[in-house]
Amino acid sequence: MKDGDYIFITKDPFGKEIRLKSTTWNYHIIGGDHTREEFVGQEEMIKGVIQDPCFILPNNPKNQNDTRQKYIDLVQLPKFQSLKALVVIVDHQNVEYGDVVTVIAKNRLNQEIGSAIYVRPKSTREY
């Protein structure tokens, strides 16, 4: 694929390249069968969650063959008045890069299970 076929290409905290395909964005995330207007214009926010997530969890910790991971952080989406947990699901089937497969805004994370693959380091700021 050419660069024009992607909304963005970035790196996660492990330095792995993560890509969001234009087709996934246009026909699955903001259009098609899962119209989610709350994400229109929020590409940089989604990229930021991939670059610096609070947590990375396995998608299905009971399935050793599941190559997907959930990148999670709290965000303020303009369409909502309250904070949401933004879950970006990335498929790591390819060893060289990961593909964003979907993005979900959640009120609660009570269904997210499994040991964290990554936890954002504590800030060095003093309060």
Side-chain angles (χ1 to χ4, degrees):
M1 285 190 143
K2 307 180 304 274
D3 278 352
D5 293 336
Y6 297 98
I7 299 297
F8 62 73
I9 297 172
T10 190
K11 294 202 180 214
D12 72 5
F14 299 113
K16 187 169 185 180
E17 185 174 283
I18 308 295
R19 303 172 176 185
L20 173 55
K21 295 177 189 172
S22 297
T23 53
T24 302
W25 180 254
N26 292 316
Y27 301 111
H28 182 68
I29 296 173
I30 63 167
D33 56 344
H34 296 93
T35 303
R36 295 188 208 113
E37 294 177 10
E38 66 268 25
F39 297 128
V40 173
Q42 300 305 310
E43 296 91 332
E44 288 299 314
M45 180 182 293
I46 294 165
K47 183 177 10 174
V49 170
I50 293 167
Q51 293 169 336
D52 188 28
C54 188
F55 299 101
I56 300 176
L57 299 176
N59 183 58
N60 183 356
K62 295 177 182 173
N63 180 351
Q64 295 292 329
N65 296 318
D66 190 343
T67 56
R68 295 181 175 188
Q69 296 176 348
K70 298 175 181 179
Y71 292 62
I72 303 170
D73 207 348
L74 288 177
V75 299
Q76 177 65 58
L77 291 163
K79 294 263 183 191
F80 299 110
Q81 295 195 6
S82 62
L83 290 172
K84 298 287 183 182
L86 190 67
V87 180
V88 181
I89 300 178
V90 176
D91 195 331
H92 292 279
Q93 186 173 13
N94 186 306
V95 295
E96 298 194 19
Y97 60 87
D99 283 309
V100 174
V101 293
T102 196
V103 181
I104 305 163
K106 294 186 167 191
N107 291 323
R108 294 177 294 202
L109 293 173
N110 57 341
Q111 294 180 338
E112 307 307 327
I113 60 171
S115 298
I117 296 165
Y118 171 85
V119 177
R120 181 189 299 142
K122 291 184 179 180
S123 174
T124 56
R125 291 184 285 179
E126 292 185 31
Y127 295 95

Under a 3.5 Å distance rule, please check whether R36 uses its side chain to pair with a backbone N or O of G31 as donor and acceptor. no

Evaluate the side-chain contact (heavy atoms from CB on, under 4.5 Å) criterion for residues K21 and D5: first the C-alpha distance (whole Å), next the side-chain angles of each, then the deciding distance (0.1 Å), finally the verdict. CA-CA 6 Å; K21 295 177 189 172; D5 293 336; over 6 Å; no

Does a side chain donor of either D91 or T67 reach within less than 3.5 Å of an acceptor in the other side chain? yes

Enclosure of F8 CZ (heavy-atom neighbours >12, cutoff 6.0 Å): yes

Show me, pair by pair, the donor-acceptor contacts under 3.5 angstrom made by side chains of residues 110-117, not counting sequence neighbours?
from	atom 1	to	atom 2	distance (Å)
E112	OE1	K70	NZ	2.5
E112	OE2	K106	NZ	2.4

Rounded to the nearest 0.5 Å, what separates atom CE in M45 from atom CD1 in I50? 13.0 Å

If you compare all heavy atoms of H28 against all heavy atoms of V101, which two are closest, and at what distance to 0.1 Å? CD2-O, 3.1 Å

If we ignore hydrogens and angles and just use 3.5 Å, is the side chain of D12 paired with the main-chain N or O of K16 as donor and acceptor? yes

Spell out, yes or no, whether L86 and I104 are grouped together once hydrophobic residues are joined by side-chain heavy atoms under 4.5 Å, including indirect joins. no

Looking at every heavy atom in both Q69 and H92, which two are closest together, and how far apart are they? OE1-NE2, 3.2 Å

Using side-chain heavy atoms (C-beta onward) and a distance below 4.5 Å, is V100 in contact with I18? yes

Assigning hydrophobic clusters by single linkage (Ile, Leu, Val, Met, Phe, Trp, Tyr; side-chain heavy-atom cutoff under 4.5 Å), is I30 placed with I7? yes

Go through the steps for F55 and Y118 under the test ring-ring contact (aromatic ring centres under 6.0 Å, His included), then give the verdict. CA-CA 5 Å; F55 299 101; Y118 171 85; 8.8 Å; no

Treating Ile, Leu, Val, Met, Phe, Trp and Tyr as nodes and any side-chain heavy-atom pair under 4.5 angstrom as an edge, say whether F14 and V95 lie in one connected cluster. no

Would a 4.5 Å heavy-atom cut-off, applied to side chains only, mark L20 and Y6 as touching? no

Strictly below 4.0 Å, N to O, side chains only: are D52 and R120 in salt-bridge contact? yes

May I have the step-by-step check of side-chain contact (heavy atoms from CB on, under 4.5 Å) for V103 and I29, ending in yes or no? CA-CA 7 Å; V103 181; I29 296 173; 3.8 Å; yes

Does the side chain of N107 reach to within under 4.5 Å of the side chain of K84, using non-hydrogen atoms? yes

Apply side chain to side chain contact (heavy atoms under 4.5 Å, CB included) to Q76 and list each qualifying residue two or more places apart in sequence or on a separate chain. L83

Measure across P13 and Y71 and return the closest heavy-atom pair with its distance rounded to 0.1 Å. CD-CE2, 4.5 Å

Considering all heavy atoms, the nearest Q51-P53 contact: C-CD, 3.6 Å

Would you indicate whether the side-chain heavy atoms of T24 and D99 approach each other to under 4.5 Å? no

State, yes or no, whether a side-chain contact exists between I9 and Y97 at a heavy-atom distance under 4.5 Å. no

Quick one: are V49 and I72 in side-chain contact, heavy atoms under 4.5 Å? no

Hydrophobic cluster membership, with links at side-chain heavy-atom distances under 4.5 Å among I/L/V/M/F/W/Y: are V90 and I46 in one? yes

W25 side chain near E43 side chain, heavy-atom distance below 4.5 Å: yes

Sub-4.5 Å side-chain heavy-atom contact between V75 and F80: no

